[in-house]
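Here is how names work: the chains are called A, B, and so on, in the same order as the sequence lines, proteins then strands, and each is numbered from 1. As a basis for the values below, the full set of heavy atoms in this structure was taken, side chains included, without hydrogen atoms, waters or symmetry mates. Since we're looking at a predicted model, the values are computed, not measured.
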Amino acid sequence: MKVDVKRLAKLARIRISEEQEVRYEQQMQDIIEMVEKLPPLESRDSLVDPDHPMTLRKDVPSAPYKRDDILKNAPQVQAGCVVVPKVIE
Amino acid sequence: MELYNQTAASLAKMLQNKECSSVEATQSVLDRIAAVEDTVGAFVTVTGEEALRRAKEIDDRRAAGEELPPLAGVPVAIKDNICTKDVKTTCSSKMLENFVPPYNATVMERLNREGTVMVGKLNMDEFAMGSSCETSYFKKTKNPHNPEYVPGGSSGGSAAAVAAGEAFVSLGSDTGGSIRLPASYCGVIGLKPTYGSVSRYGLVAFASSLDQIGPFGRCVADVAMTYSAICGHDPYDATSANRAYPQFTVGGAGDMKGKVIGIPKEYFGLGVSAEVHDRVMKAAELFEKNGAVLKEVSLPSTPYALSAYYIISSAEASSNLARFDGVKYGYRTPEFENLTDLYEKTRSEGFGDEVKRRILLGTFVLSSGYYDAYYKRAKLLQKQIQQEFSETFSSCDLLLTPTGTDTAFRLGEKESDPLSMYANDICTVTVNIAGLPAISVPCGNAANGLPVGMQLIAPKFEEQRLFTAAGCYEALTEQPLCPVASL
Amino acid sequence: MNYEMVIGLEVHAELSTETKIYCSCKNEFGFEVNTRCCPICTGMPGTLPTLNEKVVEYAVKMGCALHCDINQVCKQDRKNYFYPDLPKAYQISQFDIPLCEHGYVDVLVDGKEKRIGVTRIHIEEDAGKLLHNDSFAGSLVDFNRCGVPLIEIVSEPDMRSPQEAKAYLETIRSILQYLDISDCKMQEGSIRCDVNVSVMKAGSNEFGTRCEMKNVNSFSGAVRAIEYEAKRQIEVLEAGGVIEQETRKWDDAKGESIPLRSKEDAQDYRYFPEPDLQTIVLTDEFVENIRASIPELPNVKVARYLRDYGLQQIDAEQLADDPQKAALFEEVLAEKKCTPKSVCNWILGDIAKLMNEKNCTLADLSIKASSLASLLSMIESGAISNAIGKKVFDLMQESDKSPEEIVKENGFAQISDEGALLEIVKTVLTANEKSVSDYRGGKTNALGFLVGQCMKASKGKGNPAKMKELLLSMIKEA
């Protein structure tokens, strides 16, 4: 099977060079071959684990965080918001 | 003997008896760091000033007559993927080079409550992806027993710091062997706890369903003490187990009498070197001589575990690392034309090769049309492996295997060959897949002078069995198990 | 050629819980940017989600209300995509096992009931908000809305007209409000919908290719978007073209939709089970307690009011829309003293007017059902006039006296005694001879004036019908 590394890179928002593309493709091919040796398993089972039910959180608010603490690591901040290039959808 | 040479347990006693102060112990460790760090390179950040301030505070509290927990005043170091409030947490990545968390990981809250003194943050493979500590963006940590060799990874800094006397105990994280492999390579003890026993809140996620924080130490008591301080239910981690934990004790020479140790045959093939095989079997014989029963067992799905591991861990990583996009925190590419350009350049420049490779693999196994064949199949295989382990544990108390297939390798030796690098993890990944606790304990040196590690595996939440067996082995060996490396 | 529309709707409703779905930040609208968020909802490295139990409770409530099967064992999944308003770059949602599925809701369209299938209801987190400003070259991100709990209600493609779609949307909204689980404020974006439309030849069973429309921000907008889209698709088909499956963006101001993305570049969301959360397991008791707590829903009530009480749909809806009004209506009827019609008219008329004047809820007025029933029964029996009834009602607001006491104390009882009325009529006739001759001369409206004079003379208490009768007979006699 051929891996479309370009498409994957686009999905993952990673830009790769031609040289990297060839290298990654080979390396992923190897890994995929390894993975394809997995035994076939009934895949109708769903991925739930009722033996380990989750404890839910009570709906009780906690004290708010300071905005400065939330934004202090942001590369660009303006008017109390993080800034991104203009997006219109 | 210099203070840094003590174990945490003996230092704790000295502190309690006021034979020394925390400031003295901390200063001793900081001096040691200053002396050997150029060679070892275990730290990304050393927080010396803050550590001395903190040590003084503990000393003052003790002087005031306050009853303090056992680890109070003991210098510790923390892997750099565990969030520390107001102290940089980089994951050894360019992406988070300047990231300062506004909050503490739960384990940090617990260590702080315990009164430990953090001396710094430790180097690792970038985002914990690697087995050699060579994928760090900042530096390559060296094996303190021979600086031409890798310390193992991904928690290479955590193992090297403890082995070199740069910290009494440290915390690392283990997704597929990242605590046990470097512990084995550096000749220290490393515990990968049961999944769900230590909160992951504040651990920068690699593979959420496999990651677990655990301690390193130079004796079993140090590891048990540190584990005891960090384990327990955390309402901030929905996968954390809500249960009570016992008071842990360290086993003595006679404590393995009548215990059944399973030797899973699949773990002694798989490219395990003759020397490692030999060392681990010698340890098994020592247990046997002291009353334990050895039993050959089989875990037939083992050969598939590595594949399942790479599928699950990469899939989760591809999603967990998507948030690093140059918008909210971390690296942002200096020039960009639009949003997509910002995303792509930031991520391409901010992540190293290994991280990108795993993100792409993870993206692949989750992508439309492949999910069932890869991710879902791996998750179902995971159930099967868990089942096999629980059946095996019905007839034995513990399992004994090698930790790594060999001793540490030379820096650069496997960098260009990911598959052979991945093969190092073969003995350790099944434990993560099954969510079990396991400990790596040094069991002698190979001919090259480097330590060999054995792995003890217990059923879920049976860490006590590991401390019993490891403690027994420690008591039976004449030489100190984990001497501080002479540098 | 005749075409039939096939419409399916996806409704997103924000739940009115105290805290967000995966962290303990307050779930509040309208605060300063980035002041209702924490490391968890802003996706800081290392943080983990914890699921709010109220979100599960509310979603199950809606599921029970819409006759869904509740999946007592279910999970959450990650939906992966990059966008600046999604700080983790994935949305925690539910993929293959939603909390609720296979339900339905009955809606009324032009007085007729129609059953619409509900495919599923799942829980998920809302995204943040992008703010744009013409004077600024970039976009700003406000994370306050990140992690606000949502339920997504997906319908079957069972609707065949914009009117049915509107009725469905209004019914869903009234149920959400009835259950008190969502504010449903369209202007605050707390309820939003995506519209799926296709067309097929009338009488056909084969659905056409559908298009999804995003950015529909009001129910009337949904109607316009459906009409536009159906027309567009019919025009394409009539011109011999084919419909491409695509996502379109509705622009309500322009009244048109534009293509957003085609099926080919549909995003690959790479759903997989959220590893940070464990399986949701609900006990029978949990679900049954919720099921038992659900009141009769407005759509069911309306149908019953039409069927059992013969009310008009519009009146029945107005009553049912306000649980307090509906409750009062039924409590008054339970006294078995008066007709449904008069209770309905009073509640929607005088009582609603009073609520408006005082700007208060029905509960604030503290009207006793038994008192109102007595009052209406006095009016219906003719013991007091409607006009006096209003006076009595006003006085009831000022004291806790019964309407009977008020009528008695104030001497409001309607005079129906013929002897007493005859005296009044005689006096009026004597004083208004001109009007009497006018009436005889053919000016029939003079009678109304005379009745009015009688009412005035009786201080409003004379039975108008009887007085009119007496007037007529006396005029004829003379």
Quick one, [X] and [Y] - any side-chain contact, counting heavy atoms below 4.5 Å?
{"X": "A/L47", "Y": "C/F272", "answer": "no"}
{"X": "C/N52", "Y": "A/L56", "answer": "no"}
{"X": "A/Y65", "Y": "C/C37", "answer": "no"}
{"X": "C/Q278", "Y": "A/P53", "answer": "no"}
{"X": "C/V141", "Y": "A/V84", "answer": "yes"}

A/D59 side chain to C/E18 backbone, donor-acceptor under 3.5 Å: yes
Check: A/R67 side chain, C/V33 main-chain N or O, donor-acceptor pair, under 3.5 Å: yes
[X] versus chain A, the contacting section by heavy-atom distance below 4.5 Å:
{"X": "C/L51", "answer": "both"}
{"X": "C/I40", "answer": "neither"}
{"X": "C/E28", "answer": "neither"}
{"X": "C/K214", "answer": "neither"}
{"X": "C/D77", "answer": "neither"}
{"X": "C/F143", "answer": "side chain"}
{"X": "C/V56", "answer": "side chain"}
{"X": "C/P273", "answer": "side chain"}
{"X": "C/L277", "answer": "both"}

Part of A/D69 lying under 4.5 Å from any heavy atom of chain C: backbone
Per-residue contact mode, A/V60 against chain C (heavy atom under 4.5 angstrom): backbone
Winner by heavy-atom pair count (cut-off under 4.5 Å) against chain A, out of C/Q72, C/E57, C/E32: C/E32
Top of C/C25, C/P39, C/G128, C/C74 for chain A proximity - count of heavy-atom pairs under 4.5 angstrom: C/P39
Those residues of residues 42-50 of chain C, ordered by number, that approach chain A below 4.5 Å (heavy atom to heavy atom): C/T42, C/M44, C/T50
Pairing residues for C/N217 by the side-chain hydrogen bond (donor to acceptor under 3.5 Å, both in side chains) criterion, not counting sequence neighbours: C/N215
Audit row: A/K58, C/E53, salt bridge (charged side-chain N to carboxylate O under 4.0 Å, His left out) steps and yes/no: CA-CA 6 Å; A/K58 295 265 175 264; C/E53 64 176 2; 3.2 Å; yes
Close approach to chain C in residues 70-79 of chain A, criterion heavy atom under 4.5 Å: A/I70, A/L71, A/Q78, A/A79
Residues of residues 11-23 of chain A within contact distance of chain C, non-hydrogen under 4.5 Å: A/L11, A/A12, A/R13
Heavy-atom pair with the smallest gap, counting every atom of C/N34 and A/G80: ND2-O, 2.6 Å
Closest contact, heavy atoms only, A/P61 versus C/K26: CB-CG, 3.6 Å
Criterion side-chain contact (heavy atoms from CB on, under 4.5 Å) on A/M54 and C/Q76, from CA distance to verdict: CA-CA 11 Å; A/M54 179 164 59; C/Q76 290 158 93; 3.8 Å; yes
Distance, nearest 0.5 Å, that separates NZ of A/K86 from CG of C/L140: 9.0 Å
Side chains of C/T279 and A/D49, donor plus acceptor under 3.5 Å: no
Closest-packed option against chain C by number of heavy-atom pairs under 4.5 Å, given A/P50, A/P64, A/A63: A/P50
